[in-house]
Amino acid sequence: MFAMTYPSYQVTLAITVSVIALIALLALKAFVARQLKRLTSAGRLNFLSYPEQMVSATRWPFLTGVALLAGISSLDFSERQQQWLHYAWIIILVTQIAMWGTRLITVGAQRAFERQRETNPAGATHLMLAGLVGKIVLWSIAALVTLDNLGFNISTLMASLGIGGIAVALALQTILGDLFSSVSIALDKPFVIGDFIIVDDYMGTVAYIGMKTTRLLSLGGEQIIFSNTELLKNRIRNYKRMQERRVMFEFGIAYAASNEDIERIPLMLKEIISSSEFSARFDRAHFKTFGDSALLFEVVYYCLDADYNKYMDIQQAINLALLRQLRERGIAIAHPVRTLQFVPAASNPVAAPSAL
């Protein structure tokens, strides 16, 4: 394309221009980055953090490319070669602008995510999807602008891409399935970041919802990673959205208890659970059945706080209060009893018949 012979002084000039341009661009980048960092670290003009990110996203390949093109532009080219040089400028500039936009979208989405993670987890989930869509749209526009300036017929190209897109979709159906599943999670919101969920035998707090995977932080501290598609195929129990917790428990007393004590126990349980010290609502208590070694009672109440630790505190307090009152009334808690009967051997066993 540039196979021409140039005088040595023109080649030297082109190299000199490229080197000077590269040094100037690197120095300018370092100076601007230093000044922006100083202003943002001082707490003034916080909006300058975005230009600082743009400077950080300006990589050395771009600076090197600009310097080389600046040096090459000092040479004498034919009209055809000038056109190719123009194409090179378009590609490198549009690519760098797209990289700046990508950095701004990433930083903006991340900061918004951190702000809304605690106050609005559902909105934070949407931001993950919005960031990806923004990047896809940005690079699509960049590609179309580049192709249009290179002389391609965009309308024809879009029709061709539609046919090729079908083949790509078939080849990437697993990845696209996870992508669409992430869209479903973002729109339908079966769970959001911060929810405690159980999936089959796995449980944990939702820590991250990505385009392909969702990650849980388990009670043991390890991270559990699910494919979005496989995750939505399972039954998910979301405990974070539980308004109140229904609790049922049983206990048994000894058969030796009096009729008055048996009749008193349901009322006793109602008084215990309905007391103001418990954040609970009594539902029922019944003498359920005759057990093998105990008279069994079944109790149902509602814990008005969905927090599991709070539920365990309430259950423990109920158990202690119940045990205290049973002991005060002399009602024994049943425990398994096994009775063994020994049959004495016969004193005069029948003699065996004698042989004839």
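Residue numbers count from 1 along this sequence.
- The salt bridge (Lys or Arg N to Asp or Glu O under 4.0 Å) contacts involving residues 291-300 comprise Arg284-Glu298, Lys288-Glu298, where partners must be two or more places apart or lie in separate chains.
- Residue Val66 comes nearest to Trp89 through the heavy atom pair O-CH2, 3.9 Å, listed as atom of the first residue, atom of the second, then distance.
- For the atom pair CD1 of Ile331 and CG of Leu322, the computed distance is 9.0 Å after rounding to the nearest 0.5 Å.
- Under a 3.5 Å cut-off, the side chain of Thr95 and the backbone N or O of Ile92 do not form any donor-acceptor pair.
- Heavy-atom neighbours of Tyr308 OH from other residues, nucleotides or ligands within 6.0 Å: at or below the threshold of 12.
- No path of Ile, Leu, Val, Met, Phe, Trp and Tyr side chains, each step under 4.5 Å between heavy atoms, connects Met99 with Val94, placing them in separate hydrophobic clusters.
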* Asked: Is there a side-chain contact (heavy atoms from CB on, under 4.5 Å) between Gln325 and Ile272 once you walk through the steps?
  -> CA-CA 10 Å; Gln325 293 201 25; Ile272 292 174; 3.6 Å; yes

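- Here the closest non-hydrogen pair linking Ile273 and Arg281 is CG2-C, 4.4 Å.
- Ring pair Phe290/Tyr255 is parallel by interplanar angle, where below 30° counts as parallel and above 60° as perpendicular.
- Residue Phe282 is grouped with residue Phe297 when hydrophobic side chains (ILVMFWY) are merged at heavy-atom distances under 4.5 angstrom, including chains of intermediate members.
- To the nearest 0.5 Å, the span separating CD on Glu260 from CD1 on Ile265 amounts to 12.0 Å.
- Nearest heavy-atom pair across Ala334 and Ser293 is CB-O, 3.6 Å.
- Counting non-hydrogen atoms of neighbouring residues, nucleotides and ligands closer than 6.0 angstrom, the NZ atom of Lys29 exceeds 12 such neighbours.
- Distance check: Leu216 CG to Thr205 OG1 gives 8.0 Å after rounding to the nearest 0.5 Å.
- The shortest distance between side-chain heavy atoms of Ile193 and Tyr208 does not fall below 4.5 Å.
- Atom OH of Tyr87 is surrounded by more than 12 heavy atoms from other residues, nucleotides or ligands within 6.0 Å.
- Follow the hydrophobic side-chain contacts under 4.5 Å out from Val199 and you never reach Ile225; the two are in separate clusters.
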* Ile15 and Ser18: side-chain contact (heavy atoms from CB on, under 4.5 Å), yes or no, with the steps? -> CA-CA 5 Å; Ile15 295 175; Ser18 295; 5.7 Å; no

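- Taking the side chain as every heavy atom from C-beta outward, Asp283 and Val299 never approach each other to under 4.5 Å.
- The line from CZ of Phe226 to CD1 of Ile236 is 8.5 Å long, rounded to the nearest 0.5 Å.
- Other residues, nucleotides and ligands contribute more than 12 heavy atoms inside 6.0 Å of the CZ atom of Phe249.
- Scored by the side-chain hydrogen bond (donor to acceptor under 3.5 Å, both in side chains) test, Asp307 finds no partners at all (sequence neighbours excluded).
- Legend: side chain to side chain donor-acceptor pair (under 3.5 Å) pairs involving residues 311-323, not counting sequence neighbours, sorted by first then second residue: Tyr301-Gln315, Gln315-Asn319.
- Between the NZ atom in Lys189 and the CG atom in Asp195 there is a gap of 11.5 Å [rounded to 0.5 Å].
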* To do: Evaluate salt bridge (charged side-chain N to carboxylate O under 4.0 Å, His left out) for Glu271 paired with Arg264, printing each intermediate quantity in order.
  => CA-CA 11 Å; Glu271 293 173 351; Arg264 170 65 182 167; 3.2 Å; yes

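- Grouped by direct or indirect side-chain proximity (heavy atoms under 4.5 Å, Ile/Leu/Val/Met/Phe/Trp/Tyr only), Tyr239 sits with Phe196, Ile198, Met203, Leu219, Met242.
- Looking at Thr146, its side chain never comes within 3.5 Å of a backbone N or O of Ile91 through a donor-acceptor pair.
- The hydrophobic cluster containing Leu296, built from Ile/Leu/Val/Met/Phe/Trp/Tyr side-chain heavy atoms closer than 4.5 Å, comprises no other residue.
- Looking at Leu93 and Phe62, their side chains come closer than 4.5 Å, going by heavy atoms from C-beta outward.
- In Arg329, the CZ atom is crowded: over 12 heavy atoms of neighbouring residues, nucleotides or ligands sit closer than 6.0 Å.
- Between the CH2 atom in Trp100 and the CD1 atom in Ile97 there is a gap of 6.5 Å [rounded to 0.5 Å].
- Nearest heavy-atom pair across Ala285 and Pro266 is O-CB, 3.5 Å.
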* Check against side-chain contact (heavy atoms from CB on, under 4.5 Å), Asn228 and Leu232 -> CA-CA 6 Å; Asn228 287 332; Leu232 293 183; 5.7 Å; no

* To do: Determine, step by step, whether Ile209 and Phe191 satisfy the side-chain contact (heavy atoms from CB on, under 4.5 Å) criterion, reporting the C-alpha distance in whole Å, the side-chain angles of both residues, the deciding distance to 0.1 Å, and the verdict.
  => CA-CA 10 Å; Ile209 302 175; Phe191 53 83; 3.9 Å; yes

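- Residues Leu138 make up the rest of the hydrophobic cluster containing Ile105, defined by ILVMFWY side-chain heavy atoms closer than 4.5 Å, directly or through other members.
- Follow the hydrophobic side-chain contacts under 4.5 Å out from Leu304 and you never reach Ile314; the two are in separate clusters.
- Residues Ala98 and Ala142 share a closest heavy-atom pair of CB-CB, 3.9 Å.
- Between Lys135 and Thr106, the closest side-chain pair of non-hydrogen atoms falls below 4.5 Å.
- Atom CD of Glu222 has more than 12 neighbouring heavy atoms from other residues, nucleotides or ligands inside a 6.0 Å radius.
- Formation of a donor-acceptor pair under 3.5 Å by the Asp200 side chain with backbone atoms of Asn234 is not found in this model.
- Note on Leu320 and Met268: separate hydrophobic clusters, where clusters join Ile, Leu, Val, Met, Phe, Trp and Tyr whose side-chain heavy atoms are under 4.5 Å apart, directly or indirectly.
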